[in-house]
Structures are given as C-alpha cells and as structure tokens.
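Please read the structure below before turning to the comments.
One-based numbering along the sequence shown. Values reported hereafter were calculated over all heavy atoms of this structure, with side chains retained and with hydrogens, waters and symmetry mates removed.
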Amino acid sequence: YSFCTLLDKMLVVLSLGLAMLSNFGIPPVRDEVFKAAGVDLGKPLFSFGLFSDTQYGNLKTSGMRHYKLSLAKMKEMSQYLEENEEVDFLMHLGDLTQDKGTAHRELTLSQVSKKIPMYHVLGNHDFMGVKSMTEVMQGFKMTSRNYVVERDAVRKAGYKLIVVDATRISTFANEMGSSDYNKAADMSGKLKKIGEVHYKNHNGGVGTEQLNWLDGELEKACKEGEKVILFAHSPLLTGRRNNDMHTWDRNEVLEVVTKHKCAKIWINGHVHVHRHVTYAVNDDHFVHLWTTSGMVQTSGNSFVVADVYPEMLLVRGVSWGCSFAKFFNFSAPLSMQRYDYNFSSHYLSMAHLATTKDRNAKIDALYPTGVTPPPVKAFTFSPSGKIITVAGTSTDAVPVVSSPPVVLLKSPSPTTRDPVTDSPDTMASLMIHFLAVGTIVVPILCTLIVIYRKKKWYTRLK
C-alpha cells in the first residue's frame, strides 16, 4: 500500500512537471531557424506580431479551451515581443473575447503594451455581448471593418497589407431584418441546400460590395509592384478538415484573389489549429492560405512573429506552448516547394472549386499510395530558442523538393486525431494525459488491492 501511495505521488509530480514543460514555449530565435533550414535570409524588411482567438471569458475550462488563461497569455506575449523582438505592429485576427465583448474587451486589450501598435480583424465572437456595430467599432477604435494597414515600413518594403471583413454578411453582426442580415440568411440557406457544410451561422461572408473594393485594391497593388498579405478571421480552404469553418463566399473570394498574382498569402484564425493550403492557378501562380492556431485552445500560449522578406515570409511562433517555425515561399515554382502534413498542407488547382466531397476526393488523388516522400526534418528547440536536436521524419509529406524546408519543434505522426496531433507537442500532450489518468487509476487499484488483502487476511483468521 505504501508503494502504491508513493507511485501515485510520483505520477502526480511527473504529470505536473510535464504539463509545466509543455506549456512553456517561445518563438525560436531567427538565426537558429536559418541554421536548421540551411539558409541565411538576413534581417527582414519588417516584422509583425500575430495572434488569434484569445476568447477571454470568466468561464470554466471547457475541453481544450482555457478561457480565463487568455489574460495571462496576452500579457506574456506582449512582454516577449517588447523585450525580444523588433515588431512594427501587432495583428489580432478576431475573437478577442468569448461572450461579453463590451465588458471584457478593454480588460483583455489592456494586457498588451501601448508601445506596440495593434490592428484588428473582426471575428464572430467579437459581436457577442454587444448592442450595436457602433459599440464594436468604438471598442476596437476602428473606423472601417475592411481597410489597408498604413505603415511606413510596409510601404518601403514594397508590400501592401489588406484586412478583409469576413463577418460583413452574417447573422451575428447584423440586425434581424436588415439588408445584410437577409443576404446572410439567403447565402447560408443556399449553401445548406447544395450540401455544403460551412453554411453554419458561426461563419459569414465577404459580400459583393467588399469584393469589388478588394479587387480594386489588389489591382492597384499589382500595378505598383507591391506584394499583398491579406488578413481575415475565417479561412477560405483548410484541406481535409474543418470544412465547416470556411467563409461562406470563399469561391468568389478566391476568384478575386487569384486574379491578381501579387496576392501572396491569406492569413486567418477561427479554426483554432494550424492549417495550410496552397491554392494554385498554375505552377508559377499560387496563393498560400494559412490558418494560425487559437490562443484559447491550449493551456500554453499561441502567437507568431512574422518576418517579411522580398520573396518569402518566415513565421516563428509558439503553438500549444511549443516553438515552431515555417517558411512561405512567394516566388519559387510550386513544384519546387514541399509542405508538411503536420500543418495539413494541400495543393489545390482551380479545377477543385467544387463541393466539399468533390474537393476532398481530388485532394486524395494528389497523394497516391505507395509514394515515398523525402523526409521532413524536425528540430527541437531549448527554452532559449537554441537547437538541441535535429531528428525525425514524416511519412506523409508531399513528394516534391523544398528549399527551405518546413521547420517544426517535433514531427508528430499523422493520425486522424484532431486537434491534438495537429500541434507540435503531441508527444508531451499524450504523456500528460496518460500520467493524469494514472493519478486517478493508481489510487483505485491500490484501494482494491488493500481490500483484497484485508479480505484474504480475514478469511485466514476466521
């Protein structure tokens, strides 16, 4: 019995220790990422911070959502960026609070240093607990729901940053009976009728008026030789999973975006886990569609430092409390790039804009069975951001060459479990869950053993 008690205490200490280790994570040092990837891009043209889906609320933890921890995570992110990085600004991709926008918005925003300029994208949760659109706009100090980010560093670098409002046509952001509300109900109803799973009311659409504006801004950027990074709350495509989270009029948005070769990447939140799809017109004309993970969806932290280069974007971040880094190449032909399955990356062409079922069938056809892809390196970073191991392979990478490669903290085996296995710290997560279960099971077993031995002793005595 004493041994069982000691074992249980050891399990408790181990599980708490592992939990603390897994929750610790900072973006890897830029030079260490270059060393791992075998490249040296030098100093970026400019850098910015990025986070999404904090969803702070005075609520109990639900599943993997840790609502109360978001305040501490926001403060930790702000301190790290201020002390360790030279970011030009911070981009928030929506869903700052869970259900009490006005009551909790100011408290959540106050965790970020006023020395770092912040820009906002509106998400569906940002409209919960508010009385009007004016209340939302004033709370975030926004003059427009869709806009161009005006920064000297961005303009000098030859880039243009565009914020797209994917909540414009929605039921949650418009008064019942209004023109946009009726458009939303109609759009959602039509999607449901043809069997699309993203008709749900937590999503929304961009709308024709805003699409015309976006088309014009992209046209101006292309004429001026600028590369464009687009920000929105909800994704356009996510690959095999999370198809119920897409922007309602994703097809129309993709048609506009891919019409302009200067549009390089669409970055969004909403899904809470990493997703990466490369949507291609042809081998030389494509746009990256990247979904970043949500801060609320982990007991650790989740944010990104994005370093912008003439032909590339390097994201260095912490996801699920662990470090990762990833390159987005804007210029190399798509056939010369490789993407790792751990970020659910898929290569799609214009022909794939069909229904979800059709699209998934065509995605499957891109990855024939029996193909042996080249290994994907996985790098383990120490708490200070230094590389301590270089090991690991992935058996489900796209079979083409990449330069530079994807850089991850670890390389979890691709399984159907979601979202745990889509995060870099799968092994740690599974160990913590195993040990946590052990702390419950061991005392029960010990009690049963004691009861059994006492019963045996009583029988002998009798």
Are side-chain N/O atoms of Ser319 and Ser302 paired as donor and acceptor at under 3.5 Å?
-> no
Check: Leu50 and Phe303 side chains under 4.5 Å, non-hydrogen atoms = no
Sub-4.5 Å side-chain heavy-atom contact between Leu314 and Lys326 = no
Modelled atom types, side-chain donor and acceptor of His233 and Asp95, under 3.5 Å | yes
By ring-ring contact (aromatic ring centres under 6.0 Å, His included), His104 pairs with (sequence neighbours left out) Tyr56
Carboxylate-amine/guanidinium proximity below 4.0 Å for Glu224 and Arg155 = no
Mutual orientation of the aromatic rings belonging to Phe89 and Tyr119 [parallel < 30°, tilted 30-60°, perpendicular > 60°] = perpendicular
Any Leu191 side-chain heavy atom under 4.5 Å of His198 side chain = yes
Contacts of Tyr80 that satisfy side chain to side chain donor-acceptor pair (under 3.5 Å) - sequence neighbours left out = Glu85
pair Trp290-Phe328: side-chain heavy atoms closer than 4.5 Å | yes
Would you please name every residue forming a ring-ring contact (aromatic ring centres under 6.0 Å, His included) with His285, sequence neighbours left out?
-> none
Modelled atom types, side-chain donor and acceptor of Asp307 and Ser47, under 3.5 Å | yes
Donor-acceptor under 3.5 Å (Ser144 side chain, Asn146 main chain) | yes
Nearest-0.5 Å distance that lies between atom CD1 in Ile169 and atom OG1 in Thr208 | 7.5 Å
Taking 4.0 angstrom as the limit, do Lys227 and Glu311 come out as a salt bridge?
-> yes
Taken to the nearest 0.5 Å, the spacing of Ile116 CD1 from Glu82 CD works out to 5.5 Å
Could you give me the CA-CA distance, side-chain angles and deciding distance for Ile265 and Leu230, then say whether side-chain contact (heavy atoms from CB on, under 4.5 Å) is met?
-> CA-CA 6 Å; Ile265 186 169; Leu230 300 121; over 6 Å; no
Determine the minimum heavy-atom distance between Ala232 and Trp266, stating which atoms define it.
-> CB-CZ2, 3.2 Å
Sequence neighbours excluded, which residues qualify as side chain to side chain donor-acceptor pair (under 3.5 Å) partners of Asp180?
-> none
So Phe140 and His120, would you call those rings parallel, tilted or perpendicular, with 30° and 60° as cut-offs?
-> tilted
Taking the six-membered ring for Trp, are the ring centroids of Phe231 and Phe48 within less than 6.0 Å of each other?
-> yes
Flag the pair Gln210 / Val164 as yes when at least one side-chain heavy-atom distance between them is below 4.5 Å, and no otherwise.
-> yes
Are any non-hydrogen side-chain atoms of Leu289 and Thr278 less than 4.5 angstrom apart?
-> no
Short side-chain to backbone donor-acceptor contact, Arg151 and Asp88, under 3.5 Å | yes
So, the side chain of Lys261 versus the backbone of Thr258: is there a donor-acceptor pair under 3.5 Å, distance only?
-> no
Residues in salt bridge (charged side-chain N to carboxylate O under 4.0 Å, His left out) contact with Asp53, at least two apart in sequence or another chain = none
Could you tell me the separation between the CE atom of Met74 and the CG atom of Leu109, rounded to the nearest 0.5 Å?
-> 6.0 Å
State whether a side-chain donor-acceptor pair under 3.5 Å links Asn268 with Thr291.
-> yes
Stepwise, does the side-chain contact (heavy atoms from CB on, under 4.5 Å) test hold for Leu313 with Phe330?
-> CA-CA 8 Å; Leu313 179 71; Phe330 297 153; 3.6 Å; yes
So, Asp215 versus His260: side-chain donor-acceptor pair below 3.5 Å or not?
-> yes
The reported gap from CG in Asn203 to CD in Glu196 (rounded to nearest 0.5 angstrom) is 11.5 Å
Compute whether any side-chain donor of one residue and acceptor of the other, for Thr292 and Ser52, lie under 3.5 angstrom apart.
-> no
Quick one: NE2 on His276 to CD1 on Ile267, what's the gap to the nearest 0.5 Å?
-> 10.0 Å
Closest contact, heavy atoms only, Glu217 versus Val148 = OE1-CG2, 3.6 Å
Looking only at heavy atoms, which two atoms of Arg250 and Leu236 are closest? And how far apart?
-> CD-O, 3.3 Å
Pair Gln55, His272: side-chain N/O donor-acceptor within cut-off below 3.5 Å = yes
Lys259 and Glu255: CA distance, side-chain angles, deciding distance, salt bridge (Lys or Arg N to Asp or Glu O under 4.0 Å) verdict | CA-CA 6 Å; Lys259 193 169 89 175; Glu255 189 177 342; over 6 Å; no
Indicate yes or no: at least one non-hydrogen side-chain atom of Tyr67 is less than 4.5 angstrom from one of Leu69.
-> no
Are Thr238 and Met245 close enough, and set up right, to give a side-chain contact (heavy atoms from CB on, under 4.5 Å), and what steps lead you there?
-> CA-CA 9 Å; Thr238 51; Met245 305 292 280; 5.8 Å; no
If you measure from the Lys or Arg side-chain nitrogens to the Asp or Glu carboxylate oxygens, is any gap between Lys73 and Glu76 under 4.0 Å?
-> no
What residues, two or more places apart in sequence or in another chain, satisfy side chain to side chain donor-acceptor pair (under 3.5 Å) together with Glu135?
-> Thr102
Side-chain donor or acceptor of Ser78 paired with backbone N/O of Ser113 under 3.5 Å = yes
Decide yes or no for Val304 and Pro27: does some side-chain heavy atom of the first lie under 4.5 Å from some side-chain heavy atom of the second?
-> no
Walk me through it: do Tyr159 and Glu226 pass the test side-chain contact (heavy atoms from CB on, under 4.5 Å)?
-> CA-CA 5 Å; Tyr159 273 83; Glu226 296 172 321; 6.0 Å; no
What is the minimum heavy-atom distance between Ala221 and Val228, and which atoms define it?
-> CB-CG2, 3.5 Å
Thr247 and Ser234 side chains, donor-acceptor separation under 3.5 Å | yes
What pair of heavy atoms forms the shortest contact from Val87 to Val305, and how long is it?
-> CG1-CG1, 4.3 Å
Are Tyr279 and His288 near enough that their ring centres are under 6.0 Å apart?
-> no
Phe172 side, atom CZ; Asp126 side, atom CG - distance, nearest 0.5 Å = 9.0 Å
If every non-hydrogen atom of Leu211 is compared with every non-hydrogen atom of Glu252, which pair is closest and at what distance?
-> CD1-CB, 3.7 Å
